[in-house]
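This report refers to the structure that appears directly beneath it.
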Amino acid sequence: MKKLINDPKNVVDESVAGFGLAHPDIVTVSADPLFVARAQGASQGKVGIVSGGGSGHEPLHAGFVGFGMLSAAVPGPVFTSPTPDPIVAATLASDGGAGVLHIVKNYTGDVLNFETAADLADAEGVRVVSVIVDDDVAVKDSLYTAGRRGVAGTVVVEKVAGAAAERGDDLDAVAAIATRANANTRSMGVALTSGTVPHAGEPSFVLPEDEIEIGIGIHGEPGRERIKLEPADGIVDRLLAPILEDLPFASGDKVLLFVNGMGGTPLVEQYIVYRHAAEVLAEKGIEVARSLVGSFVTSLEMQGVSLTVTRLDDELTELWDAPVETAALRWGR
Amino acid sequence: MKKLINDPKNVVDESVAGFGLAHPDIVTVSADPLFVARAQGASQGKVGIVSGGGSGHEPLHAGFVGFGMLSAAVPGPVFTSPTPDPIVAATLASDGGAGVLHIVKNYTGDVLNFETAADLADAEGVRVVSVIVDDDVAVKDSLYTAGRRGVAGTVVVEKVAGAAAERGDDLDAVAAIATRANANTRSMGVALTSGTVPHAGEPSFVLPEDEIEIGIGIHGEPGRERIKLEPADGIVDRLLAPILEDLPFASGDKVLLFVNGMGGTPLVEQYIVYRHAAEVLAEKGIEVARSLVGSFVTSLEMQGVSLTVTRLDDELTELWDAPVETAALRWGR
Amino acid sequence: MTAPEAGSTTHERNTRQMSLGINWVTTWVAKTVDVVSTNRLRLVDLDREIGDGDHGENLDRGFTAVATKFASLPDDSTPGAALKLVATTLISTVGGASGPLLGTAYLKGAQAVGDATELDSDAVVAFLTAARDGVVLRGKAEVGDKTMIDAWTPAVDAATAAAADGKSPVEVLRAAADAAAQGAVATEPLVAHKGRASYLGDRAIGHRDPGAESSSLILAAAADAADEVK
Amino acid sequence: MTAPEAGSTTHERNTRQMSLGINWVTTWVAKTVDVVSTNRLRLVDLDREIGDGDHGENLDRGFTAVATKFASLPDDSTPGAALKLVATTLISTVGGASGPLLGTAYLKGAQAVGDATELDSDAVVAFLTAARDGVVLRGKAEVGDKTMIDAWTPAVDAATAAAADGKSPVEVLRAAADAAAQGAVATEPLVAHKGRASYLGDRAIGHRDPGAESSSLILAAAADAADEVK
Ligand SMILES: Nc1ncnc2c1ncn2[C@@H]1O[C@H](COP(=O)(O)OP(=O)(O)O)[C@@H](O)[C@H]1O
Ligand SMILES: Nc1ncnc2c1ncn2[C@@H]1O[C@H](COP(=O)(O)OP(=O)(O)O)[C@@H](O)[C@H]1O
Ligand SMILES: [Mg+2]
Ligand SMILES: [Mg+2]
Ligand SMILES: [Mg+2]
Ligand SMILES: [Mg+2]
């Protein structure tokens, strides 16, 4: 394992500390309990938005803390949900009197820990509503599983919910927007290589030189199938088909097309992926109204990408376009 | 070699095409000759700025085309300078009547091809001034070599030159700003692994599991020395010392600290690097007035980082802060 | 539990002979800290096969914290208070799925124990049952879902039966531990319906569930502790 | 060149016997296209060792384009016109350092040849000299800098000497090719002072310069072509 780290035990603390040092104008870091909040503090009268989960997915979530998006982010250990304490602290720090929305990726650990935190925050007199993100179509038979995983679509949910909160929507309205964004978002990913959890020291899984994993999870959880490496266009077809069938997306839909790098795949490849995905959507009469390309929801240094498609209505489009000023996503100011 | 590509021959064309499809509001792509220009075209009366070089360093340079930065970028084949023809075409397309600045990284190929292109553009009646970027302190004895290489500092030079052009400076003034930025910028990088040139199919160089290359070039050119892998803080010390000695930077200086990912290194590691670099500068009484962290000047999927430090004066700071709207760098609008 | 009158008289006689106090809890915790750190990488490996490779890390972090807390445990604490401390510490240090689940197990178990200073076989069974019910309450898993419940429920059933047969707390815990161990092994052929492993479908078959394995290690530590302090 | 009077009269006699026309240029180009594509990976490997691993790719791209252009070369073109076409095509397709450098070589060489339809030994020497001078003009490299100049300059010197001895164009080109080949080998022990290899310092020692190697291949093709058409 080759990484630019010091003691594997300190990876998250040191990385978050560096993040805070690099963006003092945008965020402030609480070291213990560990969470990242807006430098300006909670916006009085506005709904607070808190997300979090295991680390190793940077810039998710801390990179999305700032005007127009998250109020605070709670980074857990690598690939492990944070415990309730820091979630409670982040929730209290994010309350501007209008309550707090928890945006939680659908993993048992995250759900249980945020659940406990929400109870405790409620006990402290802060109203909390939780929205679960589960956009990963790679997981089949949701009924017989822990349900679909939350993956790159989380960025879309956090962006539009943040914009809704910024314009002054109340807690239920913001939650409704987040729920609607999640309901209209589908994702699926592929891995060419595995990331290595620092304290584990060995790759989470091993792929032969000529194989890839279709439907990979952002923690390296295996996906639908292992196949031989094939040209990018073919891989895009394999990811896009289940995404489009699932919602289903139809001709005439306006969508956001989001190509997400897994951490070890450079932009030059991500744009090759985007090119064919855009081609396919065009053929199907689906209009790509907005786009996002980059490594936003990563899995350590994993090589691979995920595709996310969100069906946009006028309001979601307006909320997507609204000004945002975070370390990882910024426009309009 | 595992990559998300189709035919290796088409990597650059397809990637640039995808880039154009993803950012139609910001750029327009000319397929033949291949160059990327602002969607709005040349700004009348303002100095045009053209950069370019071999591909494989994305988002450099096309990712920096847009308001407040480049007028056009010319992507060559992977790691190979573009030929004069597309440079000339991009130069003519960028001329708003005030002449065009060429920002060229200091590699024999880039210098010679941009030189030829400048002659041809001059012949077409467009005044061209060239500024060479050579910020890499890893190259010693510049007198007995092709000179220092242009690496991540190019982003700083392109940003401030773009801002100067946007505010209406004339060609010589913009060139002077670019020259000053380069003169105050120093960089050095490290590689943990090598990228693989698509058509070569094999890594550009091979590093044993326990070794790293200090002073690596962005084309995988070997650097100063190979050492055993060590903790991130120690590696940062090895990169920062030659950078600080070289200018030299002194206590009281205000600087921009830029941690650049080489393509395969995730943000979580880049921020660990940033943390210690900021610590060291603080100890030396050097004030980090601005920061940038991310993979902006990459070497395909190489794992590693480079550190860049630019000494800022008030004008350079103001130009750095000025609004910019490109695919890879955006703030202020 | 529904032990027949006869049984209940029998065990009242037996348990009168012996019961477990606070030193059992502290010894159990000490042994758990050891067994978790010794098995840390093994649990990481199990979790890497069908999860995300952090289970051993999570528990090790949690029980190391518990050890620290126990260093300053008031001498006059009751078993219940000590078990509650384990619960809150795990909840606030483990994270992941296993943190809230195991934490709730100790929390509900502690509540069942109340402020008793000595635990007889019935009390041990009540503790185990409440703990298991707590995990089910939070995680909604059933036996056969390939989770830690596949260790806990057989353990509770075996403990209940042992107590009904008038066995001592030591014997009750040993029965629970043995059943949990078998339950953990029995997860190998299963498809998972809860937790990360459920994403794998058939590909989880042939792998032991890390949480079931860790729970059986924890219950074995409980029995060993009882042996030692008896 | 400074051939002695005697020499010049001698060679005038010899070269009257034989000279090279447009078919030499087209044959040379055809052979170069072949030799470059056959050696593509070898040149890539050489460049990977002390450069950035694209030299073979660059030249192959360039000469493939030249081949296409030559397919529609007017029958009445002069050697000079054909060589100029090689130059402009290389400049606009090769990129990298070698593109402008080799392109300039052919360009200056073509200018030296002018609109002659037949090239005698003097003309061949003039062509090679102008080509080499073009590379130096653009790249400022000296012999011993571990660049293509280490192939070109020995070639020019050998050609000059051969012509002075009254050798035929074929012999002149063969002498140039042999000297270039030795020059390429002779780059191996050198430290580079130009191009990417210069960044390596001592680490370039022991590796042959890819540009010197490709230039010697190109000059060998020139000699082979002359042999074939003579
Ligand atoms: N819903 C559930 N009910 C009971 N146990 C569960 C449930 N979900 C997961 N588990 C247990 O948790 C274990 C994984 O714990 P751990 O790896 O620490 O958390 P995470 O899965 O969040 O990484 C699984 O092996 C399983 O035994
Ligand atoms: N200044 C120079 N003068 C002469 N030849 C040079 C010079 N710089 C580089 N070269 C030649 O160019 C070759 C490299 O060409 P190539 O790999 O195609 O370009 P690049 O170095 O841009 O990738 C070197 O092997 C060397 O022979
Ligand atoms: Mg986990
Ligand atoms: Mg090159
Ligand atoms: Mg786990
Ligand atoms: Mg090269």
So which part of [X] gets closer than 4.5 Å to some heavy atom of chain B, the side chain, the backbone, both or neither?
X	answer
D210(A)	backbone
Q303(A)	side chain
L229(A)	side chain
R330(A)	both
V11(A)	both
I235(A)	side chain
L207(A)	both
V268(A)	both
V288(A)	neither
M302(A)	neither

Of all of [options], which one pairs up most often with chain B through heavy atoms under 4.5 Å apart?
options	value
A22(A), G263(A), P231(A), P266(A)	A22(A)
K2(A), E58(A), E14(A)	K2(A)
E325(A), Q270(A), E301(A), H57(A)	E301(A)
G234(A), G264(A), P323(A)	G264(A)
H276(A), E230(A), H23(A)	H23(A)

Look only at the side chain of [X] and the backbone of [Y], and say whether a donor-acceptor pair between them is shorter than 3.5 Å.
X	Y	answer
N260(A)	A152(A)	no
S306(A)	G189(A)	no
W331(B)	D321(B)	yes

Check whether any side-chain heavy atom of [X] lies under 4.5 Å from a side-chain heavy atom of [Y], and answer yes or no.
X	Y	answer
I214(A)	R226(A)	no
I227(B)	E211(B)	no
F79(B)	L300(B)	yes

When only pairs under 4.5 Å are counted, which of [options] shares the most heavy-atom pairs with chain A?
options	value
A327(B), G304(B), A232(B)	A232(B)
L21(B), V273(B), V78(B), V259(B)	L21(B)
K3(B), M262(B), E209(B), E269(B)	E269(B)
V190(B), I5(B), N6(B)	N6(B)

>> Apply side chain to side chain contact (heavy atoms under 4.5 Å, CB included) to residues E202(A) and M1(A) and explain how you reach the verdict.
In response: CA-CA 7 Å; E202(A) 289 171 46; M1(A) 170 187 68; over 6 Å; no
>> Please evaluate residues F64(A) and T154(A) with respect to the criterion side chain to side chain contact (heavy atoms under 4.5 Å, CB included), reporting the C-alpha separation (whole Å), side-chain torsions for both, the decisive distance (0.1 Å), and the verdict.
In response: CA-CA 11 Å; F64(A) 301 124; T154(A) 310; over 6 Å; no
Could you grab the distance from atom [atom1] of [X] to atom [atom2] of [Y], nearest 0.5 Å is fine?
X	Y	atom1	atom2	answer
I212(A)	R238(A)	CD1	CZ	7.0 Å
I26(B)	M69(B)	CD1	CE	12.5 Å
L292(A)	F258(A)	CG	CZ	4.5 Å

> Looking at S15(B) and Y271(A), what are the two nearest heavy atoms and their distance?
Replying inline: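 For S15(B) and Y271(A), the tightest heavy-atom pair comes out as O-CB, 3.4 Å.
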